[in-house]
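Let me begin by presenting the structure, written as structure tokens, before commenting on it.
Chain A is the first sequence line, chain B the second, and so forth, proteins listed ahead of strands; every chain is numbered from 1.
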Amino acid sequence: MNKSKLIKRASIVAMAAMLPLSQVATAGEVNISGWVNEEMFAYDDGNTSDIIAAEANGITLGTRLQFAGTQELPNTGLTAGFEFSVEPGGLTPLLSITQATGGDNNTAFTSVNLLSSSVNIAGGFGKITLGTQSMPTDNIGVLSDPSLTLWAGVSPVFRGNGLTIQGLGAGASNTTWSSFLQCLTTPGLGIGFDCNGVYRTGIRYDLPAFAGVKIAVGYANDDIYDISLNHSGSIAGLNTVIGMGYAINQGGGGSNVGGSESEVFQVQGGLMDPGTGIFGSVAYMNDEADGATAGTGDEADSYYIKAGIKRAFNSLGDTAIAFTYGSYNDMYGTANVASAAGSAVVTSNATLVGTTLTSTGAATTTAATSFSAGGVTGSEVERLGISITQYFGAGFQIYGTWEQLDLDVDCSTAACTTAYGGADEVDMFALGATYFF
Amino acid sequence: MKSIQNQLYTLFFISLVVISNTLFAASFFDEEEDIIWQGAPNNYFKYDDQDSTKYGKNEHPVELEEKEIIDALTGLEFTETSILNVETDVSVFSYSQVRLLAEYLSKGLLKAKSGQDIIFVVGGKRSKLIVLKTKTFLTGRAFYKDNKLNIIIGEYDFARNAAFETVLDPGDTGEIAYNFSFGSRTSRSKNFEENINRISGVSQKLIKKKPRQDWFEIDIKLAAESYIANKKVKENPVTNQDRALKIEAAKLAKQRREMRAEMARIRKDMSKQDNSSSTTRSIEERITTLDELLSKELISQEEYAVKRKEILNDI
């Protein structure tokens, strides 16, 4: 090796050795990890069709980079830790793809968004975490899936969320699928499930685990309290996992439907036989706003089922095939009331992408000709899906999915029937990959 | 619109169907028999069906000495070149990995069927970006064939993904089970591409005359003996050299002393000889000169006699 190369390499080593991080590392462990997730998303809504390269940022499964570390606190028997994670902002978020989405959105990329920033202290008493973080009931009805086939499909409706429902009549223009998937506990979050599913700034206490059961409680801005229970284990040789949680929002709940507070209960359980690879999971959510305006969608419930098989059919790694069904009921918000054009109607979750919600909920967007025909007394969005995931060891996966959304609306007025009676289904296909590092 | 009650009934029914189907499927397989040992979701040894019969059935069950497996696996090393071009011998398996592999492979192979492999996941640690440390995983499959222990590497130094675990195990109930690859007879793993340092009893499987770096064939007894022999040489080289050097140094010192004494004696003798030699020649020369003078009648007989007497008086 020539001298200049040797000097360069020696300099790199010397600089690295002087990194401040080395001071931290000598006291504990620091870990950099994450994943990158990208997807090609195609849809046919009965009127238009398109293929879009999408980023899944803004949701739990989107690209992220996480820094985490722990160190022992001398002479205390305690450890301190931190977690800091970021995700790309802008680009083409899957959650908010509309029929108008197209072209290269690279110019829209303006930032790397903060996803979490927290510190924690742990010991025999459990763990206390302070900062922007995933609260106890975040994803409680989403991730208790023993197959971990999550990127292909989960209980919340991410794909097609921002697409306008086709086939609607006069009085329902620019109504998106998220309009009938509205959460109450997190106003503006129109995903049909996981209705406390955003990172919040708060404090969380995880009790020490006992018999594989872990309980956590949390308080976040503004006046949102939640409690969760998680368990994973094995019964009769089957891998079991269950998550259950309750959250109450007393600071800004029910703003879409009126009322002073809202609460959500979720539960998800799953089984998997490691021998055959057969698995199944079921999730249920009940979301309710107290003191809401009469006639509004003030109590909604959803359920989601996934069943399939995951095993090594080939030498590449495990292959998972899953069938999914979801039903999202009475999540129509204030669609019982007719509103004039230009009213503030929730039409998309664009502003939720890559952000942490404020205490009063997310901002809404208004389309110029958007208005509600009113007269809705009930609604159901049904979701069917098939997915296949191929794992290449533990570091990479490719998946393909087909999903279909279908809307059924109960009406009390003829105008409502005219507006929502002819809703078309939308078929969606996704081909994606996730790289773990 | 369905009432909540109907929905809950539907949910309950579907749950029953899912659970009963899973239990029904599970009843045909007693999973517990497949586990040799499990310390954590990502730390275990299990039986698995042979991934391919392309190279024939395994020669199970077989009894292997745990101590010999320890010695054989400890001797597996490859040479790593650092960024400063310094070469270092690195063990393929860490101390703790060797011990786990030895204990549970010896136990597992004792009861393995010919159509079964043993798949394993064991933990490790490595440094990343020089200063960061991270937990890692080593996976693979093992079987006995052609009188050799075969180990095929699946994942090598696979780093734990804390972000993955944080998201998927928010309640921190335990480790998330990763979708590991365990290596395959028919497909080379690129996670381990080092050439093993030569050691008797160990080779990397030749497929179409090319070595597969991820597949070790180990003659346990021979590899263990080779490791022990190499270990003895490595442990004692300095002591033997020291002794030899000391003996040699002592010999040299004695020789030097003897030589110095001899040289001193010789110098003394030579000095004496020089002195006596110079005195004798002078008298001879003088008398010869005197004789020449007499013969040439340059001096008289009386002068010759007087002078001759003087010269002889100098002796």
Whatever's closer than 4.5 Å to a heavy atom in chain A on B:D51 counts as neither
Heaviest contributor of heavy-atom pairs below 4.5 Å to chain A, chosen from B:S181, B:A162, B:S52, is B:A162
Max heavy-atom pairs within cutoff under 4.5 Å with chain B, candidates A:T60, A:L148, A:D318, goes to A:L148
Take atom CZ of A:F313 as the centre, draw a 6.0 Å sphere, and report whether it contains more than 12 heavy atoms from other residues, nucleotides or ligands. yes
Inspect the surroundings of CZ in A:F323 and state if more than 12 heavy atoms from other residues, nucleotides or ligands are less than 6.0 Å away. no
Worksheet item: What is the ring orientation for B:F164 with A:F436, classed by angle as parallel under 30°, tilted 30 to 60°, or perpendicular over 60°?
Response: perpendicular
For [X] and [Y], which heavy atoms make the closest approach, and how far apart are they?
X	Y	value
A:A394	B:F180	CB-CD2, 3.8 Å
A:G393	B:E155	CA-OE2, 3.3 Å
B:A163	A:G34	CB-CA, 3.7 Å
A:N31	B:R160	ND2-O, 3.7 Å

Bottom line for A:L229: the part with an atom under 4.5 Å from chain B's heavy atoms is neither
Bottom line for A:Q397: the part with an atom under 4.5 Å from chain B's heavy atoms is neither
Report task. For the residue pair A:K310 and B:N179, confirm or rule out a side-chain donor-acceptor distance under 3.5 Å. Result -> yes
Audit row: A:Q66, B:N161, side-chain contact (heavy atoms from CB on, under 4.5 Å) steps and yes/no: CA-CA 9 Å; A:Q66 176 180 291; B:N161 192 312; over 6 Å; no
Rounded to the nearest 0.5 Å, the OG atom of B:S187 sits from the CG atom of A:L316 at a distance of 7.0 Å
